[in-house]
Every structure is written in structure tokens, then in C-alpha cells.
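Owing to the predicted nature of the structure, the values given are computational and were not obtained by experimental measurement.
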Amino acid sequence: MALQLNYTTDQDVTVPDAYFVIEDIHWQKNAPALVNAPVYNSQQARNNGKRPIGYVSFVFDVDQGTGGIQAKAYTAMKLLPEMAGSVDV
């Protein structure tokens, strides 16, 4: 699972349809989770071992209901203001 969205780097370069993939989730039961998601120029760039062009990091409260932590993290990520309009890929 991953997300796609236009992304503007800290150098003010806009990358259309950048590829966001959650690679790290640090979480202990009954505590908020810390998520790190590198941003790549494209899925192909990630698959080819290219370096990320940026990162999205956030903390969210984990719902103890059903479902895996990764799916919950993607749901939380899509709710971030900077991820508005992102699509699942």
C-alpha cells in the first residue's frame, strides 16, 4: 500500500504524483504511534533504490479496534492536511 499526491520539496520543486510509503511505525500498545513515510519521485524510483526526496512524519492515536497497525497508519496519514487529495496506489 502507498499513497500518491503532488509534493513540493523544501527546495520548492513540485513533483507530480509523488509516491508516499510508510516504512517505519514505532508503537507500543496504549500509546500513540510515530510514523515515518519517505516520499519518492515515483514508485519506480523507490523500486530502483533511489533516495527519498522528502519525508512525512506524524503521530497518531491508535484505535484499539480491528485492523492492522499499517492500515490504521495509512488512514491517519490521509487525514493530515498536507495529504488532502492523496490517492491509494
Using every non-hydrogen atom in the two residues, find where [X] and [Y] come nearest and quote the distance to one decimal.
{"X": "I25", "Y": "A73", "result": "CD1-CB, 3.9 Å"}
{"X": "Y74", "Y": "L3", "result": "CD2-CG, 3.9 Å"}
{"X": "D12", "Y": "T8", "result": "CA-CG2, 3.8 Å"}
{"X": "T9", "Y": "I53", "result": "CG2-O, 4.1 Å"}
{"X": "M77", "Y": "A37", "result": "CE-CB, 3.7 Å"}
{"X": "N6", "Y": "D17", "result": "OD1-N, 2.9 Å"}

- Task: Determine the interplanar angle of the Y19 and Y40 rings, folded into 0 to 90°, and report it as parallel if under 30°, tilted if 30 to 60°, perpendicular if over 60°.
- Result: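 It falls in the tilted class, 30° to 60°.
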Gap between atom [atom2] of [Y] and atom [atom1] of [X] - 0.5 Å precision:
{"X": "F58", "Y": "M83", "atom1": "CZ", "atom2": "CE", "answer": "8.5 Å"}
{"X": "E82", "Y": "Y7", "atom1": "CD", "atom2": "OH", "answer": "9.5 Å"}
{"X": "N30", "Y": "D61", "atom1": "CG", "atom2": "CG", "answer": "11.0 Å"}

- Message: If you define the side chain from C-beta out and look only at heavy atoms, does anything of R46 sit under 4.5 Å from V21?
- Response: yes
- Message: Counting C-beta onward and ignoring hydrogens, is there a side-chain heavy-atom pair between N36 and S57 closer than 4.5 Å?
- Response: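 They are in contact (side-chain heavy atoms under 4.5 Å apart), so the answer is yes.
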Common cluster, [X]/[Y], ILVMFWY with side-chain heavy-atom separation under 4.5 Å:
{"X": "F20", "Y": "L34", "value": "no"}
{"X": "W27", "Y": "L79", "value": "no"}
{"X": "V56", "Y": "V59", "value": "no"}

- side chain to side chain contact (heavy atoms under 4.5 Å, CB included) assessment of I22 paired with M1: CA-CA 8 Å; I22 293 175; M1 178 175 219; over 6 Å; no
